[in-house]
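As structure tokens, the structure follows; a few thoughts come after it.
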Amino acid sequence: MSDNGSKQHKRVFSGVQPSGNLTIGNYLGALKQWAREQHNFESFFCVVDLHAITVPYDPADLRAKTREVAALYLACGIDPDISTVFVQSHVRAHSELTWLLNGITPLGWLNRMTQFKDKAAKQQADSVSTGLLDYPVLMAADILLYQTDAVPVGDDQRQHLELTRDVAQRFNHMFGETFTIPAAMIPPSGARIKGLDDPTAKMSKSITDSEYHAVYLLDPPNRIKKKIMRAVTDSGREIAFSDDPERAGVNNLLEIFQAFQGGTKEEVEAHFANARGYGDLKKEVVEVVTEGLKPIQQKYAELTTDAGYIDNLLADHAARAAEVANPTLELVQERMGFLKARR
Ligand code: AQP
């Protein structure tokens, strides 16, 4: 039986990898929703550092980015008095449950994951790590440890969420009801922000070969302006949402505008009805993005003046997370037939 019955509130779990500078895609697809949903759910927000070692990385960067991402969670509105904010590797149950779930996850399920195929294609075939293939099982462990009800993520994580559900259902079928089956929570706008330099591809923090690809949360106003004013568009003039791949650049700018500003698609299009062209659209996008990021950047600066604050908070919150995660791991061990160690 899952511990669902003993939960006080429904639970949310989500995370971001400390694998680069957080982008407005990460903010709109994930963090912005988290800040809203923490008032409706018991929330666990994790800096998923174990995921970040599945592609080549620099250890010093990983350490620095882990702190930076945790501070950005708070700067984006996560309230540490009501949400648990912690680092994945600080709660050992994440690694351990991954191994146990590996035992019941068919390899064919992992081979089908598009993120694995995309990321593997960017590397030499013989240097792709086993961890990259196994990434979705670690993600399933993250989510299932907390008996999570809902996972607020961007659209790119939909397939991994499906796999988490499949793994949980398979486990429950094999060993008896153990895990809550989580649902994806995808925002109505901002769920798939595209690259400013290439609006056919997802905006990603790990794409660093073009300095005009992404707006980062800590970019100063002049950089935000430069990046957005150079965003790739088409040769037309009509400012309207569109599924046409030729018009993906303008569509992306409108999505960004809507996600920061609010309002329906119709209201956004009406707002630009008298615009003289894409230059006007870009100027307004610069404005809403700069204004939207300003309070985040101010809060981030405040939070990071005290070097010890984030580390102390992460230590406290890891203990809080472990109190929920460890009983799930113990239940899984028991269900799977492991002999309990005498203490
Ligand atoms: N472009 C995006 N639009 C909307 N949401 C997005 N997310 C990522 N990119 C966009 C959401 O942000 C969270 C971060 O997920 P992650 O760090 O675990 O990895 P990811 O999904 O692979 O994100 P990135 O930025 O592309 O990271 P890298 O480049 O390191 O792989 C998720 O909720 C994701 O949906």
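What you see is a predicted model; the values in this text were computed from it and never measured. Every number for a ligand or one of its atoms is a count from 1 in the order of the listing.
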**Message:** Tell me whether Lys65 is salt-bridged to Asp61, with the criterion being a basic N under 4.0 Å from an acidic carboxylate O.
**Reply:** no

**Item:** Residue part near ligand 1, for Tyr135, under 4.0 Å between non-hydrogen atoms
**Value:** side chain

**Request:** Answer yes or no: does an N/O atom from Ile193 fall short of 3.5 Å to an N/O atom of ligand 1?
**Result:** yes

**Asked** Heavy-atom distance to atom 13 (C) of ligand 1: which of Ser19, Ser204, Ala30, Ala259 wins?
**Response** Ala30

**Message:** One thing to verify: whether Glu291 and Lys294 come together as a salt bridge, which I'm taking to mean a side-chain N less than 4.0 angstrom from a carboxylate O.
**Reply:** yes

**Prompt:** Which residue owns the protein heavy atom closest to atom 8 (C) of ligand 1, what's the atom, and how far is it?
**Reply:** Asn26 ND2, 3.2 Å

**Request:** Would you kindly check if the NZ (Lys) or CZ (Arg) of Arg230 is within the cone defined by 45 degrees around the ring axis of Tyr212 and under 6.0 Å from the six-membered ring centre?
**Result:** yes

**Request:** Around atom 17 (O) of ligand 1, find the nearest protein heavy atom and jot down its residue, atom name and distance.
**Result:** Lys205 NZ, 2.5 Å

**Message:** Heavy-atom pairs closer than 4.0 Å: do any link ligand 1 to the side chain of His51, the backbone, both, or neither?
**Reply:** neither

**Request:** State plainly whether the residues Arg223 and Glu211 are in salt-bridge range, i.e. N to O under 4.0 Å.
**Result:** yes

**Request:** Select the closest option to atom 28 (P) of ligand 1 among Ser206, Gly154, Ala191, judged by heavy-atom distance.
**Result:** Ser206

**Message:** Using only atom types and a distance under 3.5 Å, with no angle test, would you say the side chain of Gln33 pairs donor to acceptor with the backbone of Ala30?
**Reply:** no

**Closest non-hydrogen atom pair, Gly190 against Ala259** = CA-CB, 4.1 Å

**Message:** Under 3.5 Å between any N/O of Gly25 and any N/O of ligand 1: does that happen in this structure?
**Reply:** yes

**Prompt:** Where on Lys194 is there a heavy atom closer than 4.0 Å to ligand 1, on the side chain, on the backbone, on both, or on neither?
**Reply:** neither

**Request:** Report yes or no: is the cationic atom of Lys265 (NZ for Lys, CZ for Arg) under 6.0 Å from the centre of the six-membered ring of Phe241, at an angle within 45° of the ring normal?
**Result:** yes

**Message:** Using a 3.5 Å distance criterion without hydrogens, assess whether the side chain of Gln159 forms a donor-acceptor pair with backbone atoms of Thr114.
**Reply:** yes

**Message:** Please verify the inter-ring angle class for Tyr135 with His160; under 30° counts as parallel, over 60° as perpendicular, anything in between as tilted.
**Reply:** tilted

**Asked** What atoms of ligand 1 come within less than 4.0 Å of a heavy atom belonging to Gly190?
**Response** 4 (C)

**Message:** In terms of relative ring orientation, are Phe13 and His94 parallel, tilted or perpendicular, with 30° and 60° separating the classes?
**Reply:** tilted

**Prompt:** Less than 3.5 Å between some nitrogen or oxygen of Gln157 and one of ligand 1, yes or no?
**Reply:** yes

**Message:** When you compare ligand 1 with Asp156, is there at least one nitrogen or oxygen pair between them that comes in under 3.5 angstrom?
**Reply:** yes

**Request:** Among all protein heavy atoms, pick the one closest to atom 22 (O) of ligand 1 and tell me residue, atom and distance.
**Result:** Lys202 NZ, 3.4 Å

**Message:** Whether Asp156 and Lys202 form a salt bridge (side-chain N of Lys/Arg under 4.0 Å from carboxylate O of Asp/Glu) is what I want to check.
**Reply:** yes

**Request:** Please write down residue, atom name and distance for the protein heavy atom closest to atom 19 (O) of ligand 1.
**Result:** Gln17 NE2, 3.2 Å

**Message:** So for ligand 1, is Met203 a polar contact partner (N or O within less than 3.5 Å, distance only)?
**Reply:** yes

**Distance from atom 15 (O) of ligand 1 to nearest protein heavy atom, with residue and atom** = Gly15 O, 4.2 Å

**Prompt:** Which atoms of ligand 1 are found less than 4.0 Å from any heavy atom of Lys119?
**Reply:** 22 (O), 28 (P), 31 (O)

**Asked** Which atoms of ligand 1 are found less than 4.0 Å from any heavy atom of Gln115?
**Response** 22 (O)

